[in-house]
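First the proteins, then the strands, lettered A, B, ... as listed; each starts at 1.
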Number of protein chains: 4
Amino acid sequence: MAWKMNDTEPIYLQLIEKIQMDIVSGRCKPGDKLPSVRDLAVDAAVNPNTMQKALSELERSGLVFSQRTSGRFITDDSAMIANARKNLAVEEIRLFFSRMQQLGYNENETLELLQNVLKEGA
Amino acid sequence: MAWKMNDTEPIYLQLIEKIQMDIVSGRCKPGDKLPSVRDLAVDAAVNPNTMQKALSELERSGLVFSQRTSGRFITDDSAMIANARKNLAVEEIRLFFSRMQQLGYNENETLELLQNVLKEGA
Amino acid sequence: MAWKMNDTEPIYLQLIEKIQMDIVSGRCKPGDKLPSVRDLAVDAAVNPNTMQKALSELERSGLVFSQRTSGRFITDDSAMIANARKNLAVEEIRLFFSRMQQLGYNENETLELLQNVLKEGA
Amino acid sequence: MAWKMNDTEPIYLQLIEKIQMDIVSGRCKPGDKLPSVRDLAVDAAVNPNTMQKALSELERSGLVFSQRTSGRFITDDSAMIANARKNLAVEEIRLFFSRMQQLGYNENETLELLQNVLKEGA
DNA sequence: GTGGTCTAGACCACC
DNA sequence: GTGGTCTAGACCACA
């Protein structure tokens, strides 16, 4: 796996985000079987417990479910995935506005500049 | 100063970003005198050489200038500051669209969702 | 057999409860012949002596009786079975009220909430 | 602390139930400070991690909240506590009916017997 | 082999 | 001192 690690944010949260992205972006399909906790942990170079914690939270949020003996699966409820995707997007938008506000752009100014960027292409 | 450090991005770039933000957001005013390199470095808990490199870059971009005898100052050219601010904002917008694209939102879908978020308050 | 064992309660009492349930719930019919002590003990993974003790108690209470030559049988006295069933139920009710009291519900409050639960479906 | 341990149910769930009871029954008052994770763990003779897990879940359910440096507290939202208490009671009622059903009592028969037990006092 | 639980012991940030 | 995170390694039930 080996993606960028941020040393300030807890690892298990980063794992959650990563797996969420894999799911909502469609890299993993609904109903797909996930590798075992141990394999995922080895892959991410973290302790199995840490991976377990991440997966448990994902299970709580409904994005994955586990069958004790046969493994862990991505939910086949597309609506739930779509919903998670939207929530992430909304959160991204909120962060965006917050960062723009730090630069002194209010909502209207932000929208205006955003339109300009789009028009000017690339 | 003491802000969160990211271990992936070069430190001097992080310093530049931080100081840029202080300038364009108005936390530091045009014409303000900056502390000495040494003090800034101590404050940021970095090597003076690293801070020096950051300040040199800022000088090259025109946001700060140094007077050999009296120290280093923030430019009093408001247009230049405004310009820097806009560049940062445009960069922020680009990153935003890129992240939304990772979530599977194209430009129009992004705009639509963005309008919704604004309408629904927050 | 193989049911969950509780390590705090004496095993023979757990065996009694289990067999009582089998009888009063009708899983074993009045007059049915029971397997041998040995078989029952193997089935429950307990020492034959322990099973013997349980069966003796059940015999004392009248739920089972033994015929020296042909084995051990469940009583065919339906009234006795019905009585045992009622005793278990009453005990269950007492425990229920005791638990509700621990939650701070007196008898009337318990009855009220119980009616609500029944009304709202289940 | 030293209360009865059940070896089949996960320890952290038993811890949750125990603490829940302490809260909803009023043994601990709203706003009360809880002992530190370590102390609670020693008290319950479990690993700090296990106690931490229990407390985290209680925090998720809203019954307790934590302040990073000063400790953990019982919520001062009485309505939330009352709500938790009711949920536990409803769950108790459901289990009661389920056990009565195993004894062959339907809802009406259960209610009838229950009234009788109450009338006969004791 | 799977998910899940548990322990022992470490380290961190915060105040 | 607090809560929180993380690792290493063990054990269990299930099928």
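Rounded to an integer number of Å, the gap from A:L58 CG to E:dG4 P is 12 Å. Atom pair A:N49:CG and E:dG9:C1' shows a separation of 13 Å (rounding to whole Å applied). Atom CE of D:M51 and atom P of F:dT2 are 14 Å apart (whole Å). One atom, CD of A:E9, and another, C1' of F:dG4, lie 14 Å apart when rounded to the nearest Å. Atom-to-atom, CG of D:L13 to C1' of E:dC6 comes out at 13 Å; the value is rounded to the nearest Å. Straight-line distance from the CG atom of A:L40 to the P atom of E:dG4: 12 Å, rounded to whole Å. Taking atom CD on A:E57 and atom P on F:dG4, their separation rounds to 12 Å, with Å as the unit. Regarding A:R68, its CZ atom lies at a distance of 8 Å from the C1' atom of F:dC14, rounded to whole Å.
Scanning both residues, A:M21 and B:L103, for their nearest heavy atoms gives SD-CD2, 3.5 Å. Closest approach of C:L15 to C:A44, counting heavy atoms only: CD2-CB, 4.0 Å. Summarising the geometry of C:S25 relative to D:Q102, their closest heavy-atom pair is CB-O, 3.5 Å, with the distance given to 0.1 Å.
D:S66 comes within contact range of the sugar-phosphate backbone alone, with a heavy-atom separation under 4.0 Å but no base atom that close.
When distances are taken from the side chain of D:Q52 to each of E:dG3, F:dT5, F:dC14, the shortest belongs to F:dT5. Counting only heavy atoms from C-beta on, A:P10 has its side chain closest to F:dT5 among F:dT5, E:dT7, F:dG4. The side chain of D:I11 has E:dC6 as its nearest neighbour among E:dC6, F:dT2, F:dC6. When distances run from any side-chain atom of A:R72 to the nucleotides E:dG3, F:dT7, F:dC14, the shortest one goes to E:dG3. Listed nucleotides E:dT2, F:dG3, F:dT5 differ in distance to A:R38; the shortest reach to its side chain belongs to E:dT2. Of the candidates F:dC6, E:dT7, E:dG3, E:dT7 carries the atom nearest the D:T50 side chain, counting heavy atoms from C-beta on.
A sub-4.0 Å separation between OP1 or OP2 of F:dT2 and a side-chain N or O of D:S36 is present. Between A:Y12 and F:dC6 there is no side-chain N or O to OP1 or OP2 distance below 4.0 Å. Side-chain N/O atoms of D:K53 include none lying less than 4.0 angstrom from OP1 or OP2 on E:dC6.
Stem analysis of DNA chain E (Watson-Crick or G-U pairs, both distances under 3.5 Å, runs of at least three) returns E:1-14 with F:1-14.
Qualifying ring pair (Phe, Tyr, Trp, His ring centres under 6.0 Å) partners for B:Y12, counting only residues two or more places apart in sequence or in other chains: none.
Atom CD of B:E59 has more than 12 heavy atoms from other residues, nucleotides or ligands within 6.0 Å. A 6.0 Å sphere centred on NZ of D:K29 holds no more than 12 heavy atoms belonging to other residues, nucleotides or ligands.
Each of D:P48 and A:V37 was matched to the nucleotide of DNA chain E holding its nearest heavy atom; the match closer to the 5' end belongs to A:V37.
When side chains are defined from C-beta on, B:N47 does not count as touching B:I11, because their heavy atoms never get closer than 4.5 Å. Contact check for B:L63 versus B:I74: no side-chain heavy atoms found under the 4.5 Å cut-off.
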